[in-house]
Structure formats: C-alpha cells, structure tokens
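Read the structure below first, then the notes.
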2 protein chains.
Amino acid sequence: MDTVDAEIKRAKPLKKNGQIFGTGETFKSLYAVRSGAFKTYSIDESGEEHIVGFFLPGELIGLDAIDTQSHPTTAKALEESTLCEIPFDQVERLSTKIHNLQAHMYRLLSREIREDQELQMLLGKKTAEERIGTFLLNLSNRCKQRKLSATLFRLPMARTDIANYLGLAVETVSRIFTRLQSQNILAVDGKEVEILDHHQLCIVAHNDCVNEG
Amino acid sequence: MDTVDAEIKRAKPLKKNGQIFGTGETFKSLYAVRSGAFKTYSIDESGEEHIVGFFLPGELIGLDAIDTQSHPTTAKALEESTLCEIPFDQVERLSTKIHNLQAHMYRLLSREIREDQELQMLLGKKTAEERIGTFLLNLSNRCKQRKLSATLFRLPMARTDIANYLGLAVETVSRIFTRLQSQNILAVDGKEVEILDHHQLCIVAHNDCVNEG
DNA sequence: CGGATGGTTGATAGTCATCAAGATGGGTGG
DNA sequence: CCACCCATCTTGATGACTATCAACCATCCG
C-alpha cells in the first residue's frame, strides 16, 4: 500500500496553459485537481477549440478516456494549478479489493453523465441569458461544495472560454454580464463575480432555486 | 449463478409509450434494449419535455441514475419494444468477482460520457443542418454496429422528438429533411430514410467521414 | 511607453423560432 | 371498404435572438 500511496499522492504543479494530456494521447491516469482550474476541449477539423468541461479543485479529469483508452480531449490549466495523477490500473486493481472504491467510481462516472446531460439541455433549449445564469449558479454551487463563498467568487476562465463552452459569442457573454449587473443581480469586476440577488438569478436562469449541494 | 441468470435474462415487453421508469423513481436496475427503441427525457418546471437520449437494441439505459440512486429522467418506448432488466446490486456484486465485468462497466460509463460530450458540441456550435446531418450519421453508425444497413433505416422517433433532442423546431427539422432530399443526399419517406450520398452528408454535417465503428 | 491580449459596446445581418395554414397518413367505426 | 378524424408532417411568412463585423477601452507586461 505504501507504494500505491506514493504513486497516487504525488502532486504535479502546472503553470497557466500547462497541458495535462493532449487529444489522442494514450490513457493511463485520471487526474484530480488540487488547486487552480482546468478546461478540457477538442479541436474540430477547422482547428476550432470546443470546450466540453471546466474542472475545479476536488474534481476528476479524464473519465471520458476509459472507454477508448485514448483521450478524446486536451486538458489545460486555466491558471497556476496543481493536481494528483491517479494511475487507472491501480484504480481497477484496488476496486476489486475495496468494494467501496468501485461503488465510488461508478457514482463518479454516473454523475458526470448526468451533468453532461444537464449541459445538453442548457445548450439545446436555453437562451443566452439562461445559459449564463445557469452557468453562474453551477459555479456558485461548486464553490459552496468546496466550503467557499457561494456568492462571491472568481471566474478562473476567460470570457472567450465561457462563450465557447456555452455556445455563445464572446460579445453576447459580455453584454449579458453588463445587463445582469445593471439589474443589480450581479456585481462583475473582471473575473470577480458577486451574486447580489440569488433568487432573481435563479429566475433568469429558469432554474429551481433549491440548493443543489 | 442460475438464479442470477434467471434474474437478469427475463425480458420485459413494452408497448408504444410504455414507461420503464419515471423521473425521481428509485434506481434499482439498468435496462438493456433487446428490440424496439426508447427515449429518455426530463421535464422542466414549465412542463416541457427535454429529450436527452435515444436508445437502440444493445444499448443500456439508466447509467445516469447510479450516482443519486434516483432516476433523473423518464424512459419511454418509442415503439413496441422489449428489454432486459439488470438489477444493479448484482452488477456490483459480480463486478468484484468477475474483473472483466468491472472493466466493461467502466468502459460503458466512460463511453456514455464521451458521447454526451459530443452531443454538447453538436448543440453548442452547430447549425441546424449540421445537427441533422450528424444525427443521421450517428444513427447510421449505430445501425451498422448492429449489422443492419447503414444506408437504409427507419427512424423510430417522431420529428418532434428529433427536433426536441437536437434543440430545433419541428418545422426546421422538416425543412432540412426536404432540403437534403432535394439535393439528392437523402431519400426520406416518412420514418424511412436512405442515405444516398454518404460523403456529401458528412460534408454537410462537418464530420470526419471515417467509419467510426 | 507601446504593443498585445482580453473585454466592452454599437450597428447590421442571418439563422432559426414562431405563427398560421395546408397536406398526409394511419386508425377507427359505420 | 370507405369515410372521417386526429395526429403528424410539411410549407410559407414574419420576426426575434444572437452572431458577426467593427471600433474602442482597459489591463497587463516587457
């Protein structure tokens, strides 16, 4: 077990734009975010970047690579970050011994499916304002889970990344931030965001206002 | 093992619109489609249906419920169908014994994540024509995997379902079917579809034309 | 200081949703 | 067997939302 611990707990530091893995690379490990933030994206034939996920501390990157044993996306740090590499063969081996770990893995995978499906709904049927609102509420919840402020937090990603992720133009994202600010729902200062009227934001986002945490 | 087999292999018949499980129901089993087709959807606060997936024979329904132990979606038959109920506790128990089954489950879950992410890209960044094109190519591939014709197949779902799933209006779906038909890329007759020009369809869909099977 | 990167704001146009109406088709009952 | 009816699908006209193009502003960093 000592070797396993040593193997798993080694923390890697990455600077901004540092890459964990690239599209097409062989899958060997999962990566748990310790600090900072990451994005995963794929590149289409015209060279455009398509962001499929953002990852905050405590979250696991690479679950989409288990099937093909090859990473379908590229993962890059949005800022100075650290992470833990978790060799997957060890997960598989330990899972057979520690029943709890297996159940935990199933839940993690299932959760990602559910969250991706929620994003599908977002992208397919919601207006720009609803997308931004939902996005902010989502981030707020994830901060809360990390015992951070759910009302005042920092967006680790650029506006272009948000736009890309939500299927919008940068200009639209910018405009809606200003609009929500003028309605006193948000206070935005660069990457710093404060949710002033959580209830109203839920209404704008057309989300249940329940604390989903 | 005999009891297990008996438990797992029992095939359930469902008629059109028959429901496997409803949103919020306790998760107990996964369901493998034997024949027919299914859709899974959630209902938003205004009562609108949001389709998140279609399932063909050989595919597994319910993976998104493992995490919360409660189904986030409702699953209904699109036509007369049969399926196998697979109690999940048995999957978990057997997984610890049969290493291969565990690996298989991980792959299935991972694959669903990857496919959902592909759909995200579709919904976020593609035009109506690209969405329909990609959708048809996807169905074509799934038919092929089932050793059926990849060029001539039947859409088990209604136009409204396709529109809902792709984040479009029914009218748009209809119009694009007609357009693709007039360009001799498709031959559409109700739910029957024939892909006349696979290459051109790939171009329209902005997809790599490789056979992803 | 000056260039570069990222963000905001304004004007215009395109894609697709919406509204409205007509066509098709499958199922049922006379 | 045919007629009718309801659901589904198609087609057309209009408008809304948001992308795009263009310019300007802010911030950072060498």
Side-chain angles (χ1 to χ4, degrees), chain A residues 15-17 37 39 46 48-51 76 78-80 121-136 154-183 186-193 204-206, chain B residues 15-17 39 46 48-51 76 78-80 122-136 154-183 186-193 204-206:
Chain A
K15 46 180 177 277
K16 185 169 178 177
N17 287 323
K39 65 175 172 183
S46 59
E48 293 292 314
E49 178 174 316
H50 297 281
I51 297 175
K76 275 192 180 173
L78 292 166
E79 58 193 11
E80 186 126 354
M121 235 178 76
L122 188 75
L123 295 172
K125 325 241 158 79
K126 298 209 179 189
T127 66
E129 204 173 68
E130 290 170 320
R131 295 185 202 193
I132 305 256
T134 308
F135 175 70
L136 290 173
R154 192 174 158 282
L155 304 174
M157 69 291 288
R159 296 284 190 276
T160 48
D161 285 340
I162 298 176
N164 185 314
Y165 179 65
L166 296 178
L168 299 171
V170 197
E171 296 92 326
T172 306
V173 173
S174 187
R175 269 185 259 272
I176 288 176
F177 273 3
T178 8
R179 191 193 308 165
L180 291 177
Q181 192 159 214
S182 74
Q183 296 170 208
L186 291 183
V188 184
D189 176 24
K191 294 195 189 307
E192 295 293 329
V193 173
V204 159
H206 281 266
Chain B
K15 45 179 177 274
K16 185 169 176 176
N17 288 323
K39 64 176 173 183
S46 59
E48 293 293 313
E49 178 174 316
H50 298 280
I51 297 175
K76 275 193 180 173
L78 292 166
E79 57 194 10
E80 186 126 356
L122 188 76
L123 296 172
K125 323 235 159 79
K126 298 208 178 189
T127 65
E129 205 173 66
E130 291 171 318
R131 294 184 202 193
I132 304 257
T134 308
F135 175 69
L136 289 173
R154 192 174 159 284
L155 304 173
M157 69 292 286
R159 296 285 189 277
T160 47
D161 285 340
I162 299 176
N164 185 314
Y165 179 65
L166 296 177
L168 299 170
V170 197
E171 294 93 325
T172 305
V173 173
S174 186
R175 268 185 261 273
I176 288 176
F177 273 3
T178 345
R179 192 193 306 165
L180 292 177
Q181 192 158 215
S182 73
Q183 298 170 208
L186 291 183
V188 184
D189 175 25
K191 296 197 190 304
E192 295 292 330
V193 173
V204 158
H206 282 265

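In what follows, every chain begins at residue 1, and chains take the letters A, B, ... in the order their sequences are listed.
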Locate the shortest heavy-atom distance separating [X] from [Y]; write the atom from each residue and the value.
X	Y	answer
I51(A)	N164(A)	N-OD1, 2.9 Å
A205(B)	G133(B)	CB-C, 3.6 Å
R159(A)	V173(A)	CD-CG1, 4.0 Å
L78(B)	P156(B)	CB-O, 3.7 Å
D161(B)	E49(B)	OD1-OE2, 4.1 Å

Where the side chain of S174(B) meets the backbone of V170(B), is there a donor-acceptor pair that is under 3.5 Å apart?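 Not at all, since once roles are kept as given, no pair shorter than 3.5 Å links the two residues.
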K126(A) side-chain N/O to I132(A) backbone N/O, donor-acceptor pair under 3.5 Å: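 Here the side-chain-to-backbone pair does not exist.
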Close residues, residues 171-183 of chain B, relative to DNA chain C [heavy-atom separation under 4.0 Å]: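 Of all residues in residues 171-183 of chain B, the ones placing a heavy atom under 4.0 Å from DNA chain C are E171(B), T172(B), R175(B).
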Identify the pairs formed between an N or O of the protein and an N or O of nucleotides 24-26 of chain C at a distance under 3.5 Å, and give each distance.
none

Are any non-hydrogen side-chain atoms of R154(A) and E192(A) less than 4.5 angstrom apart?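 SC-SC contact between R154(A) and E192(A) confirmed.
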Taking the side chain as everything from C-beta on, heavy atoms only, tell me whether L123(B) gets closer than 4.5 Å to L122(A).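 When only atoms from C-beta onward are counted, L122(A) and L123(B) do not touch, as no gap falls below 4.5 Å.
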First-last contacting nucleotides on DNA chain D - partner chain B, under 4.0 angstrom, heavy atom: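 The footprint of chain B covers dC9(D) to dA13(D).
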With a 4.0 Å cut-off on N to O distance, would you call E79(A) and K191(A) a salt bridge?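 Looking at E79(A) and K191(A), the cut-off is not met.
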Using a strict 4.0 Å threshold on nitrogen-to-oxygen distance, state whether R179(A) and E129(A) make a salt bridge.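 Yes, R179(A) and E129(A) are salt-bridged.
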Using a heavy-atom cut-off of 4.0 Å across all strands, would you classify A158(B) as base, sugar-phosphate, or nothing?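 Here A158(B) touches the backbone only, sparing every base.
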Just call it for A128(A): base, sugar-phosphate, or nothing, with non-hydrogen atoms closer than 4.0 Å on any strand.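 Counting heavy atoms under 4.0 Å across all strands, the contact made by A128(A) is with sugar-phosphate only.
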Gap between atoms [atom1] and [atom2], on [X] and [N] respectively (whole Å):
X	N	atom1	atom2	answer
K125(A)	dT18(C)	NZ	C1'	17 Å
D161(A)	dG7(C)	CG	C1'	13 Å
K126(B)	dT15(C)	NZ	P	17 Å
N164(B)	dT18(C)	CG	P	12 Å
L78(A)	dG6(C)	CG	P	12 Å

